[in-house]
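One structure is given here, and the rest of the page talks about it.
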Amino acid sequence: AFYPASAKAKQTLQKGLEERGFTVLRLNTYDTVPASWDAEQISLAQSATVACFASPSAVKAWLKNTNDLETPRALASCIGETSATACRENEWAEENIFYPEKPGVDGWTDAVVDALEHLARK
């Protein structure tokens with residue numbers, strides 16, 4: 001199986017395929033680099049109550065650009081468990097992380113709704 005991936009992608013998928021008998025040719029086709037934000041983007045992030053993450057690198061980029069803000073950390077709405085784990089590893093409280101049981105856009109949408117409903121109950 002040909003597996004084009006990010007240079008930073010974990011080997012989970014590759015190992016899973018190999019464990020099932022596949023020969024995997026992994027080619028790192030891109031690398032993720034955190035963006036640097038301007039003042040307007042930082043201001044928008046500061047006002048966010050829910051941040052949506054589709055990858056661990058998105059979590060890292062968010063933290064790189066928001067670590068110095070003196071506002072409460074936004075709730076995390078994640079596309080799946082991998083991004084949720086990145087949030088946990090970076091000290092998000094478990095009750096502030098929302099993600100679907102099965103990764104994907106539909107479940108991610110539900111996770112955003114769950115986060116917003118959580119805010120409404122506070």
Report yes or no: does Ser83 contribute a side-chain atom to a donor-acceptor pair with the main-chain N or O of Gly80 at less than 3.5 Å?
-> no

Minimal heavy-atom distance between Ile42 and Asn65, with the atoms involved, is CG1-O, 4.2 Å

Decide if atom CG of Asp106 counts as having more than 12 heavy atoms of other residues, nucleotides or ligands within a radius under 6.0 Å.
-> no

Using the test ring pair (Phe, Tyr, Trp, His ring centres under 6.0 Å), find all partners of Tyr99 that sit at least two apart in sequence or belong to another chain.
-> none

Verify the neighbour count for atom CD of Glu95: are there more than 12 heavy atoms of other residues, nucleotides or ligands below 6.0 Å?
-> yes

For Lys8, does its backbone N or O pair with a side-chain atom of Asp31 as donor and acceptor, under 3.5 Å?
-> no

For Arg73 and Asn90, which heavy atoms make the closest approach, and how far apart are they?
-> NH1-O, 2.6 Å

Compare every heavy atom of Ala54 with every heavy atom of Ala58, then report the nearest pair and how far apart it is.
-> CB-N, 4.4 Å

Is a side-chain N or O of Asn96 found less than 3.5 angstrom from the main chain of Trp92, in a donor-acceptor match?
-> no

Of all the heavy-atom pairs spanning Pro100 and Ile79, show the shortest one and how long it is.
-> CG-O, 3.3 Å

Distance col, row Cys87:SG vs Trp62:CH2, nearest 0.5 angstrom, shows 10.5 Å

Verify the neighbour count for atom CD of Glu40: are there more than 12 heavy atoms of other residues, nucleotides or ligands below 6.0 Å?
-> no

Okay, side chain of Thr66, backbone of Leu69: is any donor-acceptor separation there less than 3.5 Å?
-> no

Going by the salt bridge (Lys or Arg N to Asp or Glu O under 4.0 Å) test, which pairs reach into residues 55-71, not counting sequence neighbours?
-> none

CD of Glu91 to CG of Leu63: how many Å apart, nearest 0.5 Å?
-> 9.5 Å

Do Gln14 side-chain atoms and Gln11 backbone N/O form a donor-acceptor pair below 3.5 Å?
-> no

Rounded distance [0.5 Å steps], OH in Tyr3 versus CG in Leu25 = 12.0 Å

Carboxylate-amine/guanidinium contact Glu81 Arg88, below 4.0 Å | yes

Taking the side chain as C-beta and beyond, is there a heavy-atom pair between Thr32 and Ser55 under 4.5 Å?
-> no

Which atom pairs, donor and acceptor, lie under 3.5 Å between side-chain atoms of residues 108-120 and protein residues at least two apart or in another chain?
residue	atom	partner	partner atom	Å
Trp108	NE1	Ser77	O	3.1
Thr109	OG1	Val105	O	2.9

Determine whether the side chains of Asn28 and Arg26 contain a donor N or O and an acceptor N or O closer than 3.5 Å.
-> yes

